[in-house]
Amino acid sequence: MTADQEKKQAALEAVKYIKNNMVVGLGTGSTAKHMIEAVGQMVAEGVNLTCVPSSDATEKLAKELGIKIVELHEVDHIDVTIDGADEFDGDFQLIKGGGGALLREKILAWNTKFNIIIADSSKDVKKLGAFKLPVEVIPFATKQIKTYLEAEGLKPVQRMKEGNEYRTDENNNILDIDIFEVDDLQELEIKLLKIPGVVETGLFLDSTSLIIVGKEGGSEIKERKH
Ligand code: 5RP
């Protein structure tokens with residue numbers, strides 16, 4: 001199976017958790033795209049859903065598929081959010097934000113009763129950090145934060161796009177940092193969020209209830225026990 005087939009298989013398994021009249025959070029990325037297409041199919045077949053997108057790209061795709069989109073403030077909770085991840089470990093901890101949507105994704109996750117992560121098998125790691133951790137920072141403070149993170153040994157690299165600095169949907173910058181040597185991720189999260197100008201990090205440490213991994217012979221469903 002290719003990685004894309006695994007992503008699609010996980011997405012099709014995940015949408016089975018969506019029921020009529022639910023409020024659904026829609027993730028961002030190539031795995032989430034398969035899920036959004038499946039949600040579009042459900043809506044076309046008559047399932048009534050209200051969806052909150054985690055990025056401008058997701059909103060555009062969902063609208064094209066005829067999915068009813070609302071803003072977060074228009075709902076009082078989200079029943080289920082389905083999103084991808086760049087890495088996950090055995091403790092249901094994630095790195096997200098490879099696609100740059102970490103801020104709204106984390107806000108959706110925080111406001112959701114049941115968070116499902118869908119992934120291909122390459123995202124399953126023993127220790128987080130081979131993938132660089134995205135940290136969203138405001139442009140005003142980017143240089144100072146980068147200097148600080150360099151001194152902390154986190155090797156920040158400012159994300160670029162077509163020769164220009166990358167800007168998120170919220171018009172912020174991203175610094176991708178190397179956390180492979182870091183053992184205490186809770187401590188790292190607190191340390192990063194204390195820096196003025198850091199808006200959010202791509203560490204999702206305790207929001208995920210279920211991880212579905214697309215695999216040859218059927219999806220693997222990992223349920224969080226604690
Ligand atoms: C976007 C994300 C994505 O979920 C993550 O980057 C995984 O992307 P893909 O499904 O394309 O591998 O966090 O901000």
Side-chain angles (χ1 to χ4, degrees), residues 1-15 24-39 51-62 72 78 80-89 92-112 115-125 128-137 157-161 166-179 185 189 192 198-215 219-220 222:
M1 255 180 140
T2 64
D4 195 58
Q5 287 168 332
E6 291 183 352
K7 288 175 188 196
K8 186 168 180 180
Q9 191 194 69
L12 294 180
E13 189 64 37
V15 297
V24 180
L26 303 175
T28 296
S30 58
T31 319
K33 183 169 180 281
H34 289 300
M35 174 275 299
I36 297 162
E37 285 167 354
V39 169
C51 297
V52 185
S54 59
S55 64
D56 293 348
T58 287
E59 178 171 350
K60 183 169 177 291
L61 175 63
L72 183 58
I78 299 171
V80 58
T81 288
I82 305 175
D83 202 350
D86 298 298
E87 284 186 348
F88 65 87
D89 70 10
F92 288 67
Q93 303 183 119
L94 324 171
I95 287 182
K96 284 183 50 55
L102 62 136
L103 176 54
R104 290 194 203 167
E105 288 173 336
K106 208 158 175 178
I107 293 169
L108 288 202
W110 198 77
N111 285 285
T112 295
N115 282 291
I116 303 176
I117 291 298
I118 48 176
D120 63 87
S121 50
S122 73
K123 310 290 180 59
D124 189 350
V125 299
L128 297 183
F131 193 92
K132 301 293 176 275
L133 175 69
V135 180
E136 183 156 346
V137 298
V157 175
Q158 183 168 354
R159 195 178 294 186
M160 304 293 285
K161 189 179 177 189
Y166 177 86
R167 290 296 178 104
T168 67
D169 287 346
E170 309 296 331
N171 209 26
N172 292 316
N173 294 134
I174 288 190
L175 297 173
D176 291 298
I177 66 170
D178 185 347
I179 63 159
L185 296 176
E189 174 79 340
L192 292 171
V198 168
V199 182
E200 196 45 88
T201 86
L203 277 176
F204 287 55
L205 298 180
D206 48 26
S207 53
T208 304
S209 298
L210 201 73
I211 299 177
I212 303 179
V213 190
K215 284 204 173 139
S219 296
E220 184 185 358
K222 298 164 183 276

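In each ligand, atom 1 is the first atom listed, and ligand 1 is the first ligand listed.
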Task: Flag, side chain of Asp83 to backbone of Thr28, donor-acceptor distance under 3.5 Å - done: yes
Task: Residue pair Ser122 / Asp120, side-chain donor-acceptor N/O under 3.5 Å - done: yes
Open item on the list: Can you tell whether the side chains of Glu189 and Lys106 come within less than 4.0 Å, N to carboxylate O?
Closed with: yes
- [ ] Please answer whether the main-chain N or O of His34 pairs with a side-chain N or O of Lys8 as donor and acceptor at a distance below 3.5 Å.
- [x] no
Task: Gly84 backbone acceptor or donor facing Lys96 side chain under 3.5 Å - done: yes
Open item on the list: Taking Arg104 first and then Glu170, would you say they form a salt bridge - that is, a charged N and a carboxylate O separated by under 4.0 Å?
Closed with: yes
- [ ] Non-hydrogen atoms closer than 4.0 Å to ligand 1: which protein residues do they belong to? List them by chain and number, please.
- [x] Lys7, Thr28, Gly29, Ser30, Thr31, Asp83, Gly84, Ala85, Asp86, Lys96, Gly97, Gly98, Gly99, Gly100, Ala101, Leu102, Glu105, Lys123
